[in-house]
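In the text below, chain A, chain B and the rest are named by the order of the sequence lines, each starting its count at 1.
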Amino acid sequence: MDMEKTYQPENFESGIYKKWEEEGLFKPSRDTSRPSFSIALPPPNVTGSLHMGHAFQQTIMDTLIRYHRMKGDNTLWQCGTDHAGIATQMVVERKLAREEHLTRHDLGREKFIERVWKWKAESGGNITRQMRRLGDSVDWSRERFTMDEGLSRAVLEVFVRLYDEGLIYRGKRLVNWDPKLRTAISDLEVENRDVKGHMWYIKYMFADGVKTDEGKDYLMVATTRPETLLGDTAIAVNPSDPRFKSVVGKDVILPLVGRRIPIIADIHADMTTGTGCVKITPAHDFNDYAVGKRNHLPMVNILTEDAHIRDAAESFDDAGKPLPGYDAPIPEQYRGLDRFEARDRMVEDLNSQGLLDHIEDHDLSQPFGDRGGVPIEPMLTDQWYVKASVLGKPAMEAVRDGRIKFVPKQYENMYFSWMENLQDWCISRQLWWGHRIPAWYGKDGKVYVARNEEEVRSKYKLSKDVELTRDPDVLDTWFSSALWTFSTLGWPDDTPELRMFHPTSVLVTGFDIIFFWVARMIMMTMHFIKDKDGNPQVPFKTVYVTGLIRDEEGKKMSKSKGNVIDPLDMIDGIGRDGLIKKRTANMMQPQMAEKIAKRTAKQFPDGIAAHGTDALRFTLCALASNGRDINWDMKRLDGYRNFCNKIWNASRFALMNIGERKLEAPEASALSLADRYIRSKLKTAIAEVTEAIESYRFDNLASKLYEFFWNEFCDWYLEFCKPVFRNGTQEQKDATAYTLCDVLETSMRLAHPVMPFISEVVWKITAPMLGRGNAQGTVMVAPYPDGKGLEEDKEAEAAVEWLKDFTVSVRNLRAEMKAAPSKKLVVYLRGATEDEIRYTTENFSYLENLAGISEVKVAKEGEALPPCSSKPLRKAEVLIPMKGLVDATSEIKRLEEMEKKLEGNIRSGEARLSNQAFTSKAPAKIIEGAKAQLELNRAQLEKVKSQLSELRSI
RNA sequence: GGACGUUUAGCUCAGUUGGUUAGAGCAUCUGCCUUACAAGCAGGGGGUCACAGGUCCGAGUCCUGUAACGUCCACCA
């Protein structure tokens, strides 16, 4: 197999993946004698596309999966996609509106759902294609979709069981209502945004001629939502507020409406806020709802489901039962108006009637639906709820006692603080795309819950002629996601997979869905899945929480900001115009397009170059510092693409020098110093890399691989190999060839979890040369390096460290003397130890090349040398005759600077060591170190001084 | 209002239970097309570790406080 001269990943990555997949290598071994390792992929939106966050998380998952697979574990990466209720429905609705000018209501439920399935079929393959390009080794044969038959069965099962246990109930309550999507949403889906608004001060006139103690014939009420006054059913004052004590129990006249409402005393009213009087609208405000319940106030709903003023209000009692006797008329002029239009009209009318006292600017944080993007409206509706408080207790316990660990740990705080005051979870959605709620209603409104209509009739003993209608609502998407770890493994059946792979090993996800998903998964799983002793099983043992990937300025990547980069464009590259087109297509605010196009053109004048999958994955790992958001940096990606290129070329070097042939392992005695050294370093690198993976430090994993391969293997070892291949004996050549190939092959296995493709290419060439091929012919299932068979060799390391230091000293001097790189130098070494002299002379062939020298002369102490430029090296000294290279004056100047610096070091060292407190309290090791350092500095100073006096005497 | 996080070189970030003179990549400067690699090689410059106190022989690291930025939660008549 030939390696092309330059690294071009696009030529081989896709082909390699295809082969792996075709050969079924992503499936678990099912070898139960080995530990199981499993990850459930957080299911991406089925019709979505891959963004940087996915690429990041999936890289980490794939790295873990590949590592464990190579270790021989029975490894499963369970994948699949989510139906993403609201998101997907919205996309299809928008498409429908754009292309056919239709709403879903025009089509009707059945036809609409057909369209969604069609859309899924068309675009559902997008994200899985992208995952393949990323190299994800997921078991595609087990791919699931949350609305599959199997998973839907799990959803039904869970719902029915929870209902039968009394943990799911239906009730009329105030919920967060999205008027754009016309559905209830959970409190998690509400996003509070700071907006500039107003506070309106409105006079509510007393009925029956009542006056306050101050003699006013009205109560002043401050509100940010004047339009809701149509639904007011009381005014509240604080029970201990002296200003209003005398009017409690009296009535005021509701402005614009004329209805009488009572003044009540309730602690909700704060004497120091606003005017002290607060209007109570139980059907349109969460606090007021609580006040209404406490005081048994009627609740008056004045809004339609798209937040227009109703033609006639609906009245309920405090238990949510219709209250036809309560007459809450809506003045004709407001009927049918949008809520904000109605506000304007009413404020105008209040003003003209002299009931508007004044308006103040007011900053408030307003709730918005995170999907629909419009202000949500608290709305009185019938919804289904999960009693989260009951399920929450064991879920909290599992994290508290360590059965589930968060990495980084600080996210546990976030989890606890949310779990501690867990609200019941509203699970019904007034959508069409999703799992339909398995509840049926009789004509009398009675509720029956079972897996299907047939079961309802037998379970509740209903005869055939009882008419039943099914609840039209669907479940919150997160309801089915919460079952993901076990529903994908075949639950409610007791499958071998469930026994083998549950609990899963680790969950990799973003902090933004800890509440939405992680917490609910823990609750549901622990309630339904028990181990063989009947104890609740956790869904996963570790939660690895990733930060967000932001753009280079630290801004969130979003379509509307036009700063998104598709991970695939970094892999395969994209031209400038293509990138601009992508970023400005289908914009919600087309006016932004021009700005985005300009910025993009400026930032990427030549588009984005192809970097390959391995470089992208390596970069993502390198940037994955624990618990931090990542500001994406293209330069890092460039740097790591260069690293791939380095691996490529080092491999080419090896093949050029060895040739593709079978290699025999040499006797230990045949190994050169460099061979011993690199084997020793490799052993350390293996230990460090393994430790990094095990502790989820993917940044360390990347930097250890990088350091070893580039700074040790390439910068030094390959250079050490050159003279051997040029001038060595056959035996020396063979030993070095073997070591070179061995270390390269092992490095590829070490790197494979992060860089699956380039490691495959190089491994496939090198492994057979060493007799390490496998039946499948892939590094994917080759054993992960464990360092066995490699020896730590302190002596070789020490010798090579000396050779490196020596080389660096000579290079330093050469640069300072401005000697041409091509000029071979004669170098004197003076004052070295016996070992150091031996290292130098025995390995002169290495130095010749690395330092560009023709001869090393070992000089005795006091021996007269020609005038030299010199540099202390440890306690010895390296000298190069300055003749023709540098004059004495500048050399003296350089040495004087060095002298100054050394003297400074010595002074501070002496001060430290003469400090009683230090010598008596610091550990011996530190004191020894300080002494050695001082001694070294003194020796070096002595060298510098004598050299100085010698030069000055010329 | 409550909680958490961040602040280290021009930029993006490491820095372990406190221990000699604080690191990497990129950028920058100098010199090199040296038969694996110019996507490279060799060498250099660049830091009051946000600020103020404290503990300690010793603080980037521990404690207290301050500031700026960020995130989450709660509240908002």
For [N], take OP1 and OP2 only and decide whether either is under 4.0 Å from a side-chain N or O of [X].
{"X": "A:Arg550", "N": "B:C13", "value": "no"}
{"X": "A:Lys635", "N": "B:G25", "value": "no"}
{"X": "A:Asn812", "N": "B:G44", "value": "yes"}
{"X": "A:Lys722", "N": "B:A36", "value": "yes"}
{"X": "A:Trp632", "N": "B:C13", "value": "no"}
{"X": "A:Asn631", "N": "B:C13", "value": "yes"}
{"X": "A:Lys818", "N": "B:G44", "value": "no"}
{"X": "A:Asn642", "N": "B:G40", "value": "yes"}
{"X": "A:Ser625", "N": "B:A14", "value": "yes"}
{"X": "A:Arg628", "N": "B:A14", "value": "yes"}

Options [options], nucleotide nearest the side-chain atoms of [X]:
{"X": "A:Asn937", "options": "B:U21, B:A77, B:A36", "answer": "B:U21"}
{"X": "A:Asp633", "options": "B:A36, B:U12, B:A39", "answer": "B:U12"}
{"X": "A:Asp715", "options": "B:G19, B:C41, B:C32", "answer": "B:C41"}
{"X": "A:Phe511", "options": "B:A36, B:A77, B:U71", "answer": "B:U71"}

Lys/Arg N to Asp/Glu carboxylate O, [X] vs [Y], below 4.0 Å:
{"X": "A:Arg814", "Y": "A:Glu816", "value": "no"}
{"X": "A:Glu903", "Y": "A:Lys900", "value": "no"}
{"X": "A:Glu552", "Y": "A:Lys635", "value": "no"}
{"X": "A:Lys409", "Y": "A:Glu412", "value": "yes"}

Say you pick atom [atom1] in [N] and the same atom in [M]; how far apart are they, in whole Å?
{"N": "B:C73", "M": "B:A9", "atom1": "C1'", "result": "37 Å"}
{"N": "B:A52", "M": "B:C11", "atom1": "C1'", "result": "29 Å"}
{"N": "B:A39", "M": "B:C26", "atom1": "P", "result": "13 Å"}
{"N": "B:A42", "M": "B:C4", "atom1": "C1'", "result": "47 Å"}

Under 3.5 Å, is there a donor on one side chain and an acceptor on the other for [X] and [Y]?
{"X": "A:Asn915", "Y": "A:Arg912", "result": "no"}
{"X": "A:Asn645", "Y": "A:Asn649", "result": "yes"}
{"X": "A:Glu360", "Y": "A:Tyr201", "result": "yes"}

Note: A:Ala222 and A:Thr275 closest approach over all heavy atoms is N-OG1, 4.0 Å
With a 3.5 Å cut-off and heavy atoms only, can you find an N or O donor on one side and an acceptor on the other between the side chain of A:Glu552 and the base of B:U12? no
Base of B:C75, side chain of A:Ser365 - is there a donor-acceptor contact under 3.5 Å? yes
By nearest-heavy-atom nucleotide on RNA chain B, the more 5' of A:Arg636 and A:Ala222 is A:Arg636
Sorted by number, residues from residues 407-417 of chain A placing a heavy atom under 4.0 Å from RNA chain B are none
### Query
In terms of ring plane angle, is the pair A:Phe698 and A:Tyr544 parallel, tilted or perpendicular, where the classes change at 30° and 60°?
perpendicular
Output row for RNA chain B, stems defined as at least 3 consecutive Watson-Crick or G-U pairs under 3.5 Å, is B:1-7 with B:67-73, B:10-13 with B:23-26, B:28-32 with B:40-44, B:50-54 with B:62-66
